[in-house]
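Heads up: the structure comes next, in structure tokens.
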Amino acid sequence: MKRRLTIKRAAELYGLSADTLRYYEKIGLIVPQREKDNGYRLYSSDDFPKLNMIASMLRMNFSLGKIKHYLEHHDLQTNISLLTQEMAEIDDTIEQLQKRRRRVQTSLGQLAAALYEAPLGQMRLTKYLERPYILVAAALEYGEELPLLCAERAACEGCSFDLDVFCMSPAFILDSDQLEYNDARRVKRALLYADPPLGIEDGALPPGTYLSLTIKGDASSDFEAWQSMVRYLEANKLRAVGDLVEFWIINEYNSDEESEYVRLLQILTEPVLV
């Protein structure tokens, strides 16, 4: 005699709620028999192959729509096609996770470098290849806040992206003549920098040798830091090319304490010809 389970017992067996099984019945995924006397749902041994397949496919992250299609077209070719498609989706997920892991690893490295490796207040010359960036705003209006602009840029129709504030560094192209003003007047462009790039960047910092200076705290010290960089350039027979760039390595996304902020100031250089 075939065993039959109530909806409560069947739900317990698969770690589901009775309401979930009722929903499966509503959408035609699995329709149990009804007891003649009282109309109670009874799941027989004929239902359990389907329930086992549903449970397995849910663990494989198939949608209910795909599961329903599979059960309604249940043959070997459909099985092969479905598993082949799932394999492609798994490969794509692995690739995305590997990219994500590289970005997280890079971010951890940047934080470690900012905290332990980059000498605060020490000038250094570093060669860089071209560095792509995402343009957030061509200029900042007075009172505008970068986090809102970043969210709007990430949601921009036709060029949207996932805004991952833990793996992207806010950066600014600064007007060195306006650094004494600690507000939007000094910002020429607001950027987001991701390493490795996302592939949707719309601008790039040129390659070359950059003078770098790592400093702590908020932006109020930028003017004094820039003056120190100018003195270094003059003493070493170098001249600045282009605009000052500022990366916020440790920022409001990492800490509420402004005293913990770490910023990297950079300017492209070239030798002064005598």
Side-chain angles (χ1 to χ4, degrees), residues 91-137 146-147 149-151 153-154 159-174 187 189-222 225-226 228-229 232 240-269:
D91 289 341
D92 182 65
T93 299
I94 291 172
E95 182 181 354
Q96 296 305 316
L97 287 173
Q98 287 175 336
K99 288 181 180 179
R100 168 70 179 164
R101 188 184 189 281
R102 288 195 294 271
R103 290 197 181 95
V104 170
Q105 189 173 31
T106 298
S107 297
L108 284 171
Q110 289 174 342
L111 291 174
L115 289 172
Y116 309 114
E117 297 174 17
L120 292 174
Q122 181 176 321
M123 306 288 176
R124 58 196 185 281
L125 293 169
T126 309
K127 288 186 177 181
Y128 289 94
L129 300 175
E130 183 178 77
R131 290 175 287 173
Y133 61 72
I134 298 171
L135 179 64
V136 174
L146 184 63
L149 293 174
C150 289
R153 173 63 181 83
C159 54
S160 62
F161 60 91
D162 292 330
L163 179 59
D164 189 342
V165 298
F166 298 109
C167 295
M168 297 178 177
S169 295
F172 303 92
I173 307 295
L174 301 179
V187 177
R189 279 172 286 170
L191 324 170
L192 279 173
Y193 176 71
D195 184 16
L198 301 179
I200 59 166
E201 284 74 7
D202 45 16
L205 299 174
T209 300
Y210 284 76
L211 175 62
S212 301
L213 176 63
T214 303
I215 54 180
K216 290 192 71 172
D218 62 23
S220 61
S221 59
D222 280 356
W226 170 237
S228 298
M229 295 175 77
Y232 180 93
V241 181
D243 296 309
L244 184 65
V245 186
E246 181 176 65
F247 295 90
W248 284 69
I249 307 300
I250 297 179
N251 52 67
E252 60 188 311
Y253 297 123
N254 308 113
S255 174
D256 288 335
E257 300 295 329
E258 290 188 349
S259 61
E260 294 182 333
Y261 290 2
V262 173
R263 291 167 296 112
L264 175 64
L265 292 174
Q266 292 188 333
I267 188 76
L268 182 62
T269 68

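- The main-chain N or O of Glu258 is never found under 3.5 Å from a side-chain atom of Asp218 such that the two would form a donor-acceptor pair.
- Take Arg103 and apply the salt bridge (charged side-chain N to carboxylate O under 4.0 Å, His left out) test, not counting sequence neighbours, and it matches no residue.
- For Glu201 (side chain) and Gly199 (main-chain N/O), a donor-acceptor pair under 3.5 Å exists by modelled atom type.
- Separating the CG atom in Asp195 from the CZ atom in Arg131 is a distance of 9.5 Å, to the nearest 0.5 Å.
- Atoms CG and CZ, from Leu191 and Phe247 in turn, are 7.5 Å apart once rounded to the nearest 0.5 Å.
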(message) For Asp162 and Leu198: C-alpha separation, side-chain torsions, deciding distance, then whether side-chain contact (heavy atoms from CB on, under 4.5 Å) applies.
(response) CA-CA 10 Å; Asp162 292 330; Leu198 301 179; over 6 Å; no

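- Residue Asp202 holds its CG atom at 5.0 Å from CZ of Arg153, rounded to the nearest 0.5 Å.
- Separating the OH atom in Tyr253 from the OG atom in Ser107 is a distance of 13.5 Å, to the nearest 0.5 Å.
- Within the 4.5 Å cutoff, the side chain of Trp248 has no heavy atoms near those of the Asn254 side chain.
- Counting only heavy atoms from C-beta outward, the side chains of Gln266 and Thr126 never approach each other to under 4.5 Å.
- Across all their heavy atoms, Ile249 and Ser169 have their closest contact at CD1-OG, 4.5 Å.
- Taking the side chain as every heavy atom from C-beta outward, Leu135 and Arg189 approach each other to under 4.5 Å.
- Across Ile267 and Ala240, no two heavy atoms sit closer than the pair CG1-CB, 3.6 Å.
- Heavy-atom neighbours of Asp92 CG from other residues, nucleotides or ligands within 6.0 Å: above the threshold of 12.
- Side chains of Glu252 and Pro147 form a contact here, defined as non-hydrogen atoms less than 4.5 Å apart.
- Contact check for Leu205 versus Ile173: side-chain heavy atoms found under the 4.5 Å cut-off.
- A distance of 10.0 Å separates CZ in Phe172 from CG in Asp222, rounded to the nearest 0.5 Å.
- When all heavy atoms of Arg263 and Gly217 are compared, the pair lying nearest together is NE-O, 2.9 Å.
- Minimum interatomic distance between Pro170 and Leu146 (heavy atoms only, all atoms of both residues): CB-CD2, 3.7 Å.
- Judged as a side chain to side chain donor-acceptor pair (under 3.5 Å), and not counting sequence neighbours, Thr269 has no contacts.
- Evaluation of the ring pair (Phe, Tyr, Trp, His ring centres under 6.0 Å) rule for Tyr210 yields Tyr128 as partners, not counting sequence neighbours.
- The two residues Ser212 and Leu264 come nearest to each other via the heavy atoms CB-CD1, 3.9 Å.
- Pro207 and Glu130 get closest at one heavy-atom pair: CB-N, 3.6 Å.
- How far CG of Leu174 is from CD of Glu246: 5.0 Å, rounded to the nearest 0.5 Å.
- Heavy-atom contacts from other residues, nucleotides or ligands closer than 6.0 Å to CG of Leu97 number more than 12.
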